[in-house]
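Counting begins at 1 with the first residue of the sequence.
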Amino acid sequence: MKKPAPTALATHATVIAAHGRHYLAQLDGELLHCVTRGKKSDLAVGDKVAVKSTGPGQAVIEAVAGRQTLLFRSDQYKSKLLAANATQLFIVVATEPSFADDLVSRSLVAAEAAGIQAHLVLNKVDVTEALPQTRNRLQLYASLGYPVHEVSAMNMPEATRALLAPLLEGHTTVFIGQSGMGKSSLINVLVPGAEIATREISAALDTGKHTTTFTRLYRIDDHTAVVDSPGFQEFGLYHLTEGMLERAFRDFVPFLGHCRFYNCHHLSEPGCAILHEVEKGRISRMRQRLYAQLVHESSQKLY
Ligand code: ZN
């Protein structure tokens, strides 16, 4: 028997995909094509919403529950919501093609600013020629306390699943990565039926062929979900203020408050505790340079 469409105001639907002002919400396993009231369009995948049925498979979003966390990117002009209520961020990198430290560090800064635990997943470890050098590069992040997991989604799917699946349990985990890192293969290993679900979501949102250009949430069980976001080549953080940025660099935190000037920008000031640590080789110069770049971007924001 076909399940009747929900009639009362239900408060526990979850937004699982967004495309423009069209949202797809999941309620008790059923997909609802939703619109918002008025011009409201600041919902994110992972938002808990109250919906009211407007027809079979259709609903209007009446209210949004308070968010535990909110992960976002931004450019000079506006912020772009990535996911709401996520508890973990898994950053996928690979032995080849090579990954950009800039993007990894920006992702880590976004996670820190959102209060989300970040992990790194090194994919394609079967490409043994590139492995030692890649491990070397990831040592920096491991030394900062970010867990690094080595997998090969393509060639060792069972081992990959055995390693990562327990880490996902009870969490809403966002997977992000540069294009080419093999994130889609990884999602397919970890989420049974991901490709079918994506086709359904794409059809429901009428996104045509652009099946990988939108963020979507896959529910694995009542307490576990995986969010897949499109591969990216840039990660803007214009929305973060200088104060938020310095605290989002885990390596800076022990030295904050130790600079000669209380309002030190950690750029070129005399007596800067951060720059002193960089000179001594205890903070990576790459990280301090990225910090300076992000402070610059933050000052260029136009909203
Ligand atoms: Zn300083």
Side-chain angles (χ1 to χ4, degrees), residues 6 10-55 57-75 77-90 107 110-111 114 116 172-177 179 183-184 187 191 193-220 224-237 239 303:
T11 54
H12 54 294
T14 305
V15 174
I16 63 157
H19 187 68
R21 287 184 54 229
H22 292 261
Y23 299 96
L24 212 58
Q26 198 167 29
L27 178 67
D28 300 331
E30 205 174 345
L31 288 187
L32 295 170
H33 188 173
C34 299
V35 291
T36 53
R37 290 226 181 267
K39 287 193 171 159
K40 190 173 169 57
S41 64
D42 55 350
L43 296 185
V45 166
D47 263 325
K48 307 283 180 207
V49 292
V51 295
K52 193 175 179 182
S53 175
T54 52
Q58 300 200 337
V60 80
I61 292 171
E62 297 279 354
V64 187
R67 291 162 173 155
Q68 301 296 311
T69 62
L70 182 60
L71 198 57
F72 51 114
R73 305 197 264 151
S74 54
D75 60 21
Y77 305 100
K78 62 177 195 302
S79 57
K80 303 167 182 176
L81 306 183
L82 204 60
N85 301 313
T87 54
Q88 299 190 125
L89 179 67
F90 277 28
S107 307
I116 295 170
T172 294
T173 307
V174 178
F175 281 75
I176 59 169
S179 316
K183 181 169 59 60
S184 300
I187 294 287
V191 184
E195 284 182 73
I196 297 164
T198 300
R199 277 201 294 275
E200 277 176 12
I201 293 169
S202 185
L205 282 177
D206 197 19
T207 56
K209 289 178 192 157
H210 310 288
T211 51
T212 56
T213 59
F214 58 91
T215 303
R216 60 252 185 223
L217 181 146
Y218 306 106
R219 186 153 289 293
I220 293 180
T224 309
V226 164
V227 176
D228 188 13
S229 65
F232 59 81
Q233 294 297 354
E234 53 181 2
F235 199 123
L237 293 166
H239 60 286
Y303 59 95

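No side-chain heavy atom of Gln88 sits less than 4.5 Å from a side-chain heavy atom of Thr172. Taking 4.5 Å as the limit, every side-chain heavy atom of Leu217 sits out of range of all side-chain heavy atoms of Val15. Proximity of Val64 to Leu43: side-chain heavy atoms (C-beta onward) are separated by under 4.5 Å at one or more points. Side chains of Ser107 and Phe235 form a contact here, defined as non-hydrogen atoms less than 4.5 Å apart. Here the side chains of Ile16 and Arg219 are not in contact, with every heavy-atom distance at 4.5 Å or above. Put simply, the side chain of Leu24 does not reach to within 4.5 Å of the side chain of Leu32, judged on heavy atoms. Counting heavy atoms from C-beta on, the side chains of Thr36 and Arg21 come closer than 4.5 Å. At least one side-chain heavy atom of Leu81 sits under 4.5 Å from a side-chain heavy atom of Leu70.
In plain terms, the two heavy atoms of Ser74 and Leu237 that are nearest each other are OG-C, 3.4 Å.
Note that CG of Leu71 and CD1 of Ile116 are 4.5 Å apart. Values are rounded to the nearest 0.5 Å. From Cys34, atom SG reaches atom NZ of Lys52 across 13.5 Å, with rounding to the nearest 0.5 Å. The CD1 atom of Ile176 lies 8.0 Å from the CZ atom of Arg73; values are rounded to the nearest 0.5 Å. Rounded to the nearest 0.5 angstrom, Phe72 CZ and Lys80 NZ are separated by 13.0 Å. Here the CD-CZ distance, from Glu62 to Arg37, works out to 4.0 Å after rounding to the nearest 0.5 Å. The distance from the CD atom of Gln68 to the NZ atom of Lys48 is 9.5 Å, given to the nearest 0.5 Å.
When Thr198, Val227, Val45 are each tested for a side-chain contact (heavy atoms from CB on, under 4.5 Å) with Arg216, only one passes: Thr198.
In this pair, His19 and Phe214 present their aromatic rings perpendicular. The plane angle is above 60°, beyond the 30 to 60° band.
The main-chain N or O of Val49 is never found under 3.5 Å from a side-chain atom of Asp47 such that the two would form a donor-acceptor pair. For the pair Asn85 (side chain) and Gly46 (backbone), a donor-acceptor distance under 3.5 Å is present. Without hydrogens or angle criteria, Thr173 side chain to Leu89 main chain gives no donor-acceptor distance under 3.5 Å. A donor-acceptor distance shorter than 3.5 angstrom exists from the side chain of Thr69 to the backbone of Ala86, with no hydrogens or angles considered.
Under the rule for a side-chain contact (heavy atoms from CB on, under 4.5 Å), the partners of Ile187 that lie at least two apart in sequence or sit in another chain are Phe175, Lys183, Val191, Ala194, Tyr218, Val226, Asp228.
Between Gln58 and Ser53, the side chains place no donor N or O within less than 3.5 Å of an acceptor N or O (distance only, hydrogens not considered).
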